[in-house]
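The next block holds one structure in the form of structure tokens; read it before the comments.
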Number of protein chains: 2
Amino acid sequence: MNTTLADIKDNFKELGIKSTLPRVVIYQALMKFTHHPSAEEIHIGIQKKYPGVSLATVYKTLDLLVQNNLASKVVTDEDKVRYDPRTDQHIHLYCKKTNKIVDHEDAGLEKLIADYLNLKGIPGFDIHQIQVNIKGELKTIIKK
Amino acid sequence: MNTTLADIKDNFKELGIKSTLPRVVIYQALMKFTHHPSAEEIHIGIQKKYPGVSLATVYKTLDLLVQNNLASKVVTDEDKVRYDPRTDQHIHLYCKKTNKIVDHEDAGLEKLIADYLNLKGIPGFDIHQIQVNIKGELKTIIKK
DNA sequence: TTCGTATTTAAGAATTATTATTATTTAGAG
DNA sequence: CTCTAAATAATAATAATTCTTAAATACGAA
Ligand SMILES: [Mn+2]
Ligand SMILES: [Mn+2]
Ligand SMILES: [Zn+2]
Ligand SMILES: [Zn+2]
């Protein structure tokens, strides 16, 4: 993963994005979360180490990342957008209990769907992206 | 479809919902739209025939419908919720061009996914609902 | 290494979808 | 037809996000 400070700076430079501390910190924080944080969560998350970064900057930076394909938006039925450090297609599990959204890898299922739709298509519709969201509950794992 | 005024009133009565003109009108409007309207669209849509219904009532009624399983919420990456007069599982096509969201019937695909997940399951996760959203563009149909 | 400048930032105001409050109206049980 | 709990309209409040602007900063050029 391009997760070190130097990597991120290179990453930004390649895209012609000015490398500022707030941006690096926000991007790192986004990558650290596993449950797809909101802008506010990221803002809170960076407070300890980097106080003073404004919430507006968090929003603008997240937008910038999305625009440059370094992140994507994830919508929920709450009134806040959440962010994903991945931009490739993958399945999301939405936990109704914890409100966590976690990634789920299932290449088999994704291929099944893609093949089916490649073959059959959708009349009158040009497919760009297929999203599979699975709602349910994360089970509490009992370690014995 | 239970779409006549009498049907809707019966429908409401069965659920113990008081049958008021605003509610009937809002519910009818929701069913008439095919592209999954926002509360505001519904509010505007009913103005001509039934002016004076407040936007707050539209919101409250839509919530009531959702609570009683007569409608469901549909989220998008815009900051407004849209509503669906269906509550059964079905596929949505999101048109990036027109912002329309249209239903797509494909029992074959839904069964394919359901069977696959029934068999394989998702470790550590209790599946309640599977949502398939397909983003892309509605093709302009050229009638000759 | 400086500069110079276009870009970015922090702060706070503004916007916008949605929800809450409350006085008034109304559905519908009796 | 009356009575009353529930619904409505009007409007204020809330909360996520965006906008505005003056001050700070990155970074290419000198
Ligand atoms: Mn909102
Ligand atoms: Mn909002
Ligand atoms: Zn993800
Ligand atoms: Zn639908």
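Just so we're on the same page: letters track the sequence lines, and every chain starts at 1.
- Atom NZ in B:Lys60 sits roughly 13 Å away from atom P in C:dT22 (whole-Å rounding).
- Along DNA chain C, the nucleotide closest to B:Lys9 and the one closest to B:Tyr83 are compared, and the more 5′ of them pairs with B:Tyr83.
- For the pair B:Glu78 CD and D:dT17 C1', the interatomic distance rounds to 14 Å; values are reported in whole Å.
- The NE2 atom of B:His43 sits 13 Å away from the P atom of D:dT11 (whole-angstrom rounding).
- Regarding B:Ile17, its CD1 atom lies at a distance of 11 Å from the P atom of D:dT8, rounded to whole Å.
- Considering only side-chain atoms of B:Ser54, the nucleotide from D:dA9, D:dT18, C:dA10 that sits closest is D:dA9.
- Ranked by how close their nearest DNA chain C nucleotide is to the 5' end, B:Val81 and A:Pro22 are led by A:Pro22.
- Heavy atoms only, all atoms of each residue included: B:Ser19 and B:Lys9 are closest at OG-CG, 3.3 Å.
- Between D:dT18 and A:Tyr59, no contact under 4.0 Å exists linking OP1 or OP2 to a side-chain N or O.
- Across all strands shown, B:Ala39 has no heavy atoms under 4.0 Å from either base or sugar-phosphate atoms.
- Using a 4.0 Å heavy-atom cutoff across all strands shown, A:Ser19 reaches sugar-phosphate atoms only and no base atom.
- The side chain of A:Val53 approaches C:dA10 more closely than any other nucleotide in the set D:dT17, C:dT8, C:dA10.
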Intermediate values then yes/no, salt bridge (Lys or Arg N to Asp or Glu O under 4.0 Å), A:Glu137 and A:Lys96: CA-CA 6 Å; A:Glu137 287 177 29; A:Lys96 284 172 180 158; over 6 Å; no
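- Pairing each heavy atom of A:Phe12 with each of A:Lys18, the nearest pair is CD1-O, 4.4 Å.
- Note that the CG atom of B:Leu112 and the CD1 atom of A:Ile113 stand 7.5 Å from one another [nearest 0.5 Å].
- For the pair A:Lys73 NZ and D:dT18 C1', the computed distance is 11 Å after rounding to whole Å.
- Side-chain N/O atoms of B:Lys18 include none lying less than 4.0 angstrom from OP1 or OP2 on D:dA7.
- For B:Ala56, the side-chain atoms get nearest to D:dT11 when compared with the rest of D:dT17, D:dT8, D:dT11.
- For A:Ser38 and D:dA16, the shortest distance from a side-chain N or O to OP1 or OP2 is not below 4.0 Å.
- For the pair A:Tyr94 and A:Val75, the tightest heavy-atom approach, listed with the atom from each and the gap, is OH-O, 2.9 Å.
- Dashed line: the shortest gap from a side-chain N or O of A:Arg23 to OP1 or OP2 of D:dA26 is not under 4.0 Å.
- One atom, CG of A:Leu21, and another, C1' of C:dA10, lie 14 Å apart when rounded to the nearest Å.
- Between the NZ atom of A:Lys80 and the C1' atom of C:dT18 there is a distance of 14 Å, given to the nearest Å.
- Taking only side-chain nitrogens and oxygens, A:Thr57 comes nearer than 4.0 Å to OP1 or OP2 of C:dA10.
- Atoms CZ (A:Arg82) and P (D:dA15) sit 19 Å apart, rounded to a whole Å.
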